[in-house]
Amino acid sequence: MRFGYACINLTIPTKFRTCRLKTAEEKGIDYIKELTLSNFSQTLEAVKWNLQNDIYFYRFSSDLVPFATHQINDWEWWTDEDVLEITNEIKALQQNYSMRFSCHPGQYNVLNSKNPAVVTNTINDLTYHERMMNAVNGQDMILHIGGVYGDKEAAIERFAQNYKRLPDGIKSLLRIENDDKSFTLEDVVKVHQKTGAPICFDIHHHNCNPGEEELKPLLNEVWKSWGDKKPKCHISSGKTHSTDRSHHDLILEEDLDAFLGLLDGVDADIMFEAKLKEQSVLPHLHKERG
């Protein structure tokens, strides 16, 4: 079991760089490349810090390549020798230390949208994230189901149909997650049954949006959805109470203990989604649990 955190390391700290579209237009591809190399270098430093602190699970930022899917950026960054020099070093660390790398494309990715342009843009963004994961030997790309649009069953079916349009490379990385407002774990199990996509279980989202079915049989479906792959899960603590959708700075001890109890011996990797990032993970490493 590995504990991890998302994107920004507050101790180093990581400082990812971006710019306005107008600046990118004025300075051109060379400037976009400068920012990209800086962001991948920052990521490499975070990965090295993680290894020094026994953290073997890490989510990559979606913002490493500025304007990655915008028409202004026609640079094939994933073939650039300077980029590959950095990503190959990250990949070597992943392979040598059996690290798990993931990414979580943003909420504007809506595969079940009724708008064909939104679906096309989503597939383009998933392609960008696939290239990122391939560059560093990443394992997971997490996606929410999307919008309900007044008819949940139709929205689920639309997701399944658009999922079929995805290239095999994206499908091999894509994992679907329950959310805190619209699609319960029960709903996501239905999506899995239609697509075969593994399920990333988020315990805090479930607490906020539990649905009607009992959790234990649903979790059995979650674990089975991964086949021979190791499941990936998310945990958060509510800022003020257990069903507060806002995230706490840390992961509360009682929340982690309750989650581990739900796992009931299942070996899964757990992503900590807390505001204090790596500082939320460190107190929970190496603790003996009954």
Side-chain angles (χ1 to χ4, degrees), residues 1-18 38-64 90 93-94 97 99-107 129 132-133 136 138-144 175 177-181 200-209 231-263 268-289:
M1 180 176 291
R2 291 168 288 196
F3 296 162
Y5 67 96
C7 308
I8 296 172
N9 184 298
L10 299 173
T11 302
I12 296 176
T14 50
K15 295 181 180 179
F16 296 126
R17 298 171 62 193
T18 187
S38 174
N39 291 341
F40 273 111
S41 294
Q42 289 284 300
T43 301
L44 173 59
E45 292 309 306
V47 170
K48 289 179 177 178
W49 186 96
N50 292 345
L51 286 172
Q52 293 168 358
N53 291 274
D54 295 326
I55 297 176
Y56 298 91
F57 187 20
Y58 179 64
R59 178 188 298 167
F60 278 56
S61 169
S62 292
D63 300 325
L64 297 185
I90 297 172
L93 292 173
Q94 185 280 325
Y97 294 95
M99 304 185 79
R100 187 169 191 167
F101 295 150
S102 68
C103 62
H104 198 332
Q107 293 182 354
H129 283 85
M132 183 199 304
M133 288 292 94
V136 298
Q139 292 83 20
D140 308 286
M141 186 160 56
I142 310 303
L143 190 68
H144 291 293
R175 291 75 172 94
E177 179 188 356
N178 58 305
D179 66 69
D180 59 1
K181 292 182 180 180
C200 176
F201 173 55
D202 189 307
I203 179 62
H204 184 58
H205 288 172
H206 176 76
N207 289 339
C208 295
N209 184 27
K232 175 187 188 295
C233 302
H234 293 172
I235 188 171
S236 310
S237 292
K239 185 175 182 179
T240 59
H241 53 82
S242 62
T243 57
D244 183 348
R245 292 186 175 95
S246 299
H247 290 180
H248 198 286
D249 288 346
L250 300 169
I251 302 300
L252 302 179
E253 186 81 19
E254 57 267 30
D255 290 339
L256 182 58
D257 285 342
F259 191 34
L260 294 177
L262 283 175
L263 291 179
D269 293 327
I270 304 176
M271 177 63 63
F272 284 30
E273 295 186 319
K275 291 183 178 180
L276 288 183
K277 304 295 184 177
E278 82 291 343
Q279 296 174 32
S280 72
V281 176
L282 294 175
H284 298 286
L285 294 178
H286 312 306
K287 285 190 176 180
E288 293 295 329
R289 298 179 181 276

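Everything numeric here is computed off the predicted structure, so don't read it as measured data.
Counting heavy atoms from C-beta outward, Asp180 and Asp202 have side chains that stay 4.5 Å or more apart. Contact annotation: the side chain of His234 approaches that of Cys200 to within less than 4.5 Å [non-hydrogen atoms, C-beta and beyond]. Put simply, the side chain of Gln139 does not reach to within 4.5 Å of the side chain of Met133, judged on heavy atoms. Residues Lys232 and Ile142 meet the side-chain proximity criterion, which asks for heavy atoms closer than 4.5 Å. Taking 4.5 Å as the limit, every side-chain heavy atom of Val47 sits out of range of all side-chain heavy atoms of Trp49. Within the 4.5 Å cutoff, no side-chain heavy atoms of Ile8 are placed close to those of Glu278.
Taken to the nearest 0.5 Å, the CG atom of Asp140 stands 8.5 Å off from the SG atom of Cys103. In this structure, CZ in Phe272 is found 11.5 Å from SG in Cys233, a value given to the nearest 0.5 Å. Annotation: the span from Met141 atom CE to Arg175 atom CZ amounts to 8.5 Å, rounded to 0.5 Å. Note that CG of Leu252 is 10.0 Å distant from CG of Asp249, once rounded to the nearest 0.5 Å. If you take CG on Asn50 and CD1 on Ile12, they are separated by 7.0 Å, rounding to the nearest 0.5 Å. For the atom pair CD of Gln279 and CG of Asn9, the computed distance is 8.0 Å after rounding to the nearest 0.5 Å.
A side-chain N or O of Ser237 and one of Asp255 form a donor-acceptor pair less than 3.5 Å apart. Side-chain contact of Glu177 with His205: a donor-acceptor pair under 3.5 Å is present, judged by distance alone.
By the side chain to side chain donor-acceptor pair (under 3.5 Å) test, Asn53 is found to be paired with no residue, residues two or more places apart in sequence or in another chain being considered. Qualifying ring pair (Phe, Tyr, Trp, His ring centres under 6.0 Å) partners for Phe101, counting only residues two or more places apart in sequence or in other chains: Phe60. Checked against ring pair (Phe, Tyr, Trp, His ring centres under 6.0 Å), Tyr5 has the following partners two or more places apart in sequence or in another chain: Tyr58. For Asn39, the side chain to side chain contact (heavy atoms under 4.5 Å, CB included) partners at least two apart in sequence or on another chain are Phe16, Arg17, Leu64, Pro66. Taking the side chain to side chain donor-acceptor pair (under 3.5 Å) definition, one finds that Gln42 meets it with nothing, sequence neighbours left out. Judged as a ring pair (Phe, Tyr, Trp, His ring centres under 6.0 Å), and not counting sequence neighbours, His129 has no contacts. Evaluation of the salt bridge (Lys or Arg N to Asp or Glu O under 4.0 Å) rule for Arg2 yields Asp269 as partners, not counting sequence neighbours. Evaluation of the side chain to side chain donor-acceptor pair (under 3.5 Å) rule for Ser41 yields no partner, not counting sequence neighbours. The salt bridge (Lys or Arg N to Asp or Glu O under 4.0 Å) check on Asp179 picks up nothing, with sequence neighbours excluded.
Between Met1 and Ile270 the shortest heavy-atom distance is SD-CD1, 4.0 Å. Residues Ser102 and Met271 approach most closely at OG-CE, 3.9 Å, considering heavy atoms. Nearest approach of His104 to Ser62, heavy atoms of both residues: O-OG, 3.6 Å. The minimum heavy-atom distance linking Ile90 with Thr43 is given by the pair CD1-CG2, 4.3 Å.
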Would you sort out whether Leu276 and Leu10 count as a side chain to side chain contact (heavy atoms under 4.5 Å, CB included), showing the intermediate values?
CA-CA 7 Å; Leu276 288 183; Leu10 299 173; 4.0 Å; yes
Take His206 and Asn178 through the side chain to side chain contact (heavy atoms under 4.5 Å, CB included) test and state the conclusion after the steps.
CA-CA 7 Å; His206 176 76; Asn178 58 305; 3.9 Å; yes
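For the pairing with Phe3, the side-chain contact (heavy atoms from CB on, under 4.5 Å) check across Val281, Ile251, Ile235 returns one residue only, Val281.
For Glu254, the CD atom sits in a packed shell: over 12 heavy atoms of surrounding residues, nucleotides or ligands are nearer than 6.0 Å.
Counting only distance, with no hydrogens or angles, the side chain of Ser61 and the backbone of Asp63 share a donor-acceptor pair below 3.5 Å. Of the possible polar contacts, none joining the Ser236 side chain to the His204 backbone as a donor-acceptor pair under 3.5 Å is found.
For residues 43-52, the salt bridge (charged side-chain N to carboxylate O under 4.0 Å, His left out) pairs, not counting sequence neighbours, are Glu45-Lys48, Lys48-Glu89.
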